[in-house]
Enquirer: 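Supplied in structure tokens, the structure appears directly below.
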Amino acid sequence: MRPIAVVVEHDGKVVLPVTHELIHLANLVAAGTHSSVVLVIPGPGLPDMAGELALTGIRTIDLAITGMDGYNGEAYKAALSELFTALSPSHILVAHMAGARDFAPGLALRLNGTSIAGVNNLFWEDGQPLFSRPVFNGAKNALVLATKTPCVVMVQPNAFVPPDLQIETEASPVPPGPVETVKVPFPGNGIKRLGIKDADHRGDDLELARVIVAAGRGLGTRENLTAIEGFASIFSNSAMGVSRPLVDDGWRSYRFQVGVTGARVSPEVYIACGISGSSQHLAGIMGSKTIISINSDPNAAIFNHSDFCIVEDLLTFINAFENILPGSVDDPDG
Amino acid sequence: MSILESMNILVCIKQVATTPDGNTFAMNRFDEYALEEAVRIKEQLLNQGRKAVVDVVSLGREKAQEIIKRAFGIGADNGFHIVVERDLSAAVTAELIYRTLGQNLDKSQELPPKPPAYDLVLTGMISQDAMEGQTGPILAELMGIACSTGIVKISLDSKTFDLTVERELDRGDRESLGITLPVLLTVQAGINTPRYPTLSNLLKAGTKKITTVTVFPDKIPGADQTVLRFMEPAKSRSGTIIRGTTAEKAVELFSILKKRGVL
């Protein structure tokens, strides 16, 4: 049987946790198709990392790309396509992150296969693995059948968290998998890495707040942010956040941004106002104890990831809420 | 370093539904940023006595010509509309764009030996509806040019035509890249503030002709993947719906927040 390949996600020094999610998915696909798993570590040559991963008992290939300075999408594409032409895997699992975003679609084409983006679940029909991915901003999932092989599966981080995160210890009965080194030269291309700079100041006050009231595109106009600020100020130790599109449009600065590329928050209560619920936003708020969503669209994806759902026009609802507060004119006890 | 007489820029744009009922359409938000960036590069070059041409291409239904007209209003020079009446995978979309711009629509023939001659190809990082981010990187692979994704800053040296760009990484960090053309870049939202079409451009747009190519179903390449059906996403939390009048919902929320000790 053709193997299931995992492209190991790492930062050059350590294996990133998402790699174990890829291995978990690879094991599921391999079990259903009676095939084996092979781990591939693209990089400058990382023998220690290969040795560490082989402790999982899985065959591991240290894919040493010579002549590559840091990550280079073209180098990954060239080296991986050469290796996979020889290995002939049926599925190639990659993390849908900044790296694979560059190289995975082109890699699939070079191998005359297909690539499925944003994969969040695995299904089986007639002994065949099928993958789902979100569409319409997460409001629906599309169930996708690959009709060419290999199938490059671009896996959404956090979608396949293994049930037991314990890494195999010395006591493990599993003998280490074989380690091989494959060297591929990269002649260089028109893209040269010049350096990396850290993100601007992220929202520290967001990360400390007990209550976060966050606004998304459902807010309509920039002026309506005043209403959200007012809503947030009702709570002590609270902060206002916004979803990425509002930062992109310049309504608020980056330090207000909640989500995977902004602040990852874990307040007592997160109130999402007019936020549709993209996977990038959800990844930043999943640590919240209670999530309450207010949205006029009953099909908004955020409702699938909320504890309490309120289908209402945002401003009308905030106004109604403020009117029942103690001390307000409509205070039932006042 | 490349010495070019004129810079030929292509922007791939897509029309997407923007409301839950699917009745309102607009240019994909990410493509608006890509188009704005292309027009700014053109303006920079024209200001310095260099030449630049911005072409736009869109694959989609009849209605998609609306966004090509809008692109004329923003500053695009030529428009190509590849008319298909159904949704296609990213790979098939990229292949049809490639064939059209290489003027070879017969799927029985080999891909055109000479790829479409663009120095810079820009498109949005993802589309709002399909959210894949694949059409750009696949088109780059077909054209045999380098590709970089999630670009948040582009600076052009108008003498050498070399680019310095910033690419967004997973946690919002940025990687700086030096690039020699040709290249395809996919643009992240927030890179600029897209302009509205100007009246003078819209008047000129009326005289610009869209090159329309209709692709009949038998000329569409075989699909690499198929969407079997749409499903409801799994719930990660209970999703209790608060019911009643607006005031009743407000009272219920008040008691939920009170119980959690935040009021």
Side-chain angles (χ1 to χ4, degrees), chain A residues 73-74 97-98 101-102 105-106 109-110 114-118 132 134-136 138 140-148 189-199 210-211 235 245 247-248 250 261-262 268-269 290-291 297 299 301 303-310 312 316-317 320-321 324, chain B residues 20 90-91 128-134 137-138 140-142 146-150 168-181 183 189-190 193 223-242 246-247 249-251 253-254 256-257 260 262-263:
Chain A
E74 295 299 313
M97 292 166 68
R101 197 174 74 194
D102 262 14
L109 184 72
R110 211 171 278 192
T114 187
S115 46
I116 306 175
S132 66
V135 287
F136 313 127
K140 295 273 178 197
N141 275 335
L143 185 66
V144 183
L145 169 73
T147 47
K148 281 188 176 180
N189 66 340
I191 299 184
K192 198 172 157 36
R193 181 186 257 203
L194 304 175
I196 289 190
K197 69 176 185 195
D198 292 344
R210 274 190 86 217
V211 177
F235 310 96
V247 176
D248 290 339
T261 52
E268 204 68 29
V269 175
T290 300
I291 298 177
D297 173 13
N299 297 315
F303 286 141
N304 290 315
H305 309 283
S306 304
D307 298 287
F308 298 99
C309 311
I310 299 168
E312 275 287 341
T316 312
F317 183 78
F321 185 79
I324 60 149
Chain B
Q128 283 164 262
D129 51 356
M131 307 199 300
E132 292 184 87
Q134 297 213 75
I138 295 173
E141 178 68 16
L142 287 167
C147 152
S148 192
T149 58
E168 188 176 85
L169 302 178
D170 297 307
R171 283 290 275 122
D173 297 342
R174 291 167 172 215
E175 178 182 47
S176 174
L177 303 168
I179 296 180
T180 312
L181 299 179
V183 73
T193 306
D224 56 315
Q225 57 181 255
T226 327
V227 173
L228 297 179
R229 56 184 176 271
F230 293 101
M231 308 181 300
E232 290 303 320
K235 280 178 183 280
S236 70
R237 294 185 185 230
S238 69
T240 306
I241 298 169
I242 300 177
T246 307
K249 289 175 189 172
V251 170
L253 178 64
F254 184 85
I256 289 166
L257 293 170
R260 277 157 185 77
V262 296
L263 267 181

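Fair warning: this is a prediction, and the values are worked out from it, not measured in the lab. Here is the naming used below: chain letters follow the sequence lines, and residue numbers restart at 1 for every chain.
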Enquirer: Could you check which of B/Glu175, B/Gln134, B/Lys235 has the highest count of heavy-atom pairs closer than 4.5 Å to chain A?
Expert: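 With the most close heavy-atom pairs to chain A, the winner is B/Gln134.
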Enquirer: Name the option with the most non-hydrogen atom pairs under 4.5 Å to chain B; the candidates are A/Ala142, A/Gly250, A/Ala320.
Expert: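 So the answer, after comparing A/Ala142, A/Gly250, A/Ala320, is A/Ala142.
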Enquirer: Please identify, among A/Ile310, A/Val135, A/Leu145, the residue contributing the most non-hydrogen atom pairs under 4.5 Å to chain B.
Expert: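 Of the options given, most contacts go to A/Leu145.
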Enquirer: Roughly how far, to the nearest 0.5 Å, is CZ of A/Phe308 from CG of B/Leu257?
Expert: 9.0 Å
Enquirer: So, does A/Arg101 use its side chain to make a donor-acceptor pair with the main chain of B/Ser148 at under 3.5 Å?
Expert: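 The answer is no, because no donor-acceptor pair under 3.5 Å joins these two groups.
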Enquirer: Could you check which of A/Asn189, A/Thr290, A/Val247 has the highest count of heavy-atom pairs closer than 4.5 Å to chain B?
Expert: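 Heavy-atom pair counts peak at A/Thr290.
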Enquirer: Please state whether the side chain, the backbone, both or neither of A/Asn299 comes within less than 4.5 Å of a heavy atom of chain B.
Expert: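 For A/Asn299, no heavy atom lies under 4.5 Å from chain B.
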Enquirer: Are side-chain heavy atoms of A/Glu74 and B/Cys147 found at a separation under 4.5 Å?
Expert: yes
Enquirer: Is a side-chain donor or acceptor of A/Thr147 paired with a backbone partner of B/Gln225 at a separation under 3.5 angstrom?
Expert: yes
Enquirer: For B/Val183, is it the side chain, the backbone, both or neither that has a heavy atom under 4.5 Å from a heavy atom of chain A?
Expert: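 Side chain only.
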Enquirer: Quick one: which of A/Ser132, A/Gly73, A/Ser115, A/Gly118 has the most heavy-atom pairs under 4.5 Å with chain B, could you say?
Expert: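 Counting heavy-atom pairs under 4.5 Å, the top option is A/Ser115.
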Enquirer: Chain A: which of B/Gln128, B/Met131, B/Met231 shares the most heavy-atom pairs with it under 4.5 Å?
Expert: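 Heavy-atom pair counts peak at B/Met231.
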Enquirer: For A/Ser306, is it the side chain, the backbone, both, or neither that has a heavy atom closer than 4.5 Å to a heavy atom of chain B?
Expert: backbone
Enquirer: Regarding B/Glu232 and A/Lys140, does a basic nitrogen lie under 4.0 Å from an acidic carboxylate oxygen?
Expert: yes
Enquirer: Please classify the contact of B/Ala140 with chain A as side chain, backbone, both or neither, using a heavy-atom distance under 4.5 Å.
Expert: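 Contact with chain A is absent: no heavy atom of B/Ala140 under 4.5 Å.
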Enquirer: Would you check if B/Leu177 and A/Lys192 make a side-chain contact, meaning some heavy-atom pair closer than 4.5 Å?
Expert: no
Enquirer: So do the side chains of A/Asn141 and B/Phe230 get within less than 4.5 Å of each other, counting heavy atoms only?
Expert: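 No; the side chains remain at least 4.5 Å from each other.
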Enquirer: When heavy-atom pairs shorter than 4.5 Å are enumerated against chain B, which of A/Arg110, A/Glu268, A/Lys197 gives the highest number?
Expert: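 Most pairs with chain B among the choices: A/Lys197.
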Enquirer: Do the non-hydrogen side-chain atoms of B/Pro137 and B/Thr149 ever get within less than 4.5 Å of each other?
Expert: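 B/Pro137 reaches B/Thr149 side chain to side chain.
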Enquirer: Tell me if a side-chain donor or acceptor on A/Asn304 pairs with a main-chain N or O of B/Ala234 at a distance below 3.5 Å.
Expert: no
Enquirer: Please state whether the side chain, the backbone, both or neither of B/Ala91 comes within less than 4.5 Å of a heavy atom of chain A.
Expert: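 Answer is neither: B/Ala91 stays 4.5 Å or more from chain A.
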Enquirer: Would you compute the distance between atom NZ of A/Lys148 and atom CG of B/Asp224 and round it to the nearest 0.5 angstrom?
Expert: 6.0 Å
Enquirer: Is any NZ, NE, NH1 or NH2 atom of the basic residue among A/Glu312 and B/Lys249 found under 4.0 Å from an Asp or Glu carboxylate oxygen of the other?
Expert: yes
Enquirer: Can you tell me which portion of A/Leu143 sits under 4.5 Å from chain B's heavy atoms? Options are side chain, backbone, both or neither.
Expert: both
Enquirer: Output the option from B/Leu253, B/Leu263, B/Ile138 having the highest count of non-hydrogen pairs under 4.5 Å with chain A.
Expert: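 The option with the most such pairs is B/Leu253.
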Enquirer: So which of B/Ala130, B/Ala247, B/Gly133 has the largest heavy-atom pair count under 4.5 angstrom toward chain A?
Expert: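 Among the listed options, the one with the most contacts to chain A is B/Ala130.
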Enquirer: For A/Asp307, which atoms come within 4.5 Å of any heavy atom of chain B: side chain, backbone, both, or neither?
Expert: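 Both parts, backbone and side chain.
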Enquirer: Below 4.5 Å from any heavy atom of chain B, which atoms of A/Val144 appear? Answer side chain, backbone, both or neither.
Expert: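 Both backbone and side chain.
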Enquirer: Under a 4.5 Å heavy-atom cut-off, does chain B meet the side chain of A/Phe136, its backbone, both or neither?
Expert: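 Contact with chain B involves both backbone and side-chain atoms of A/Phe136.
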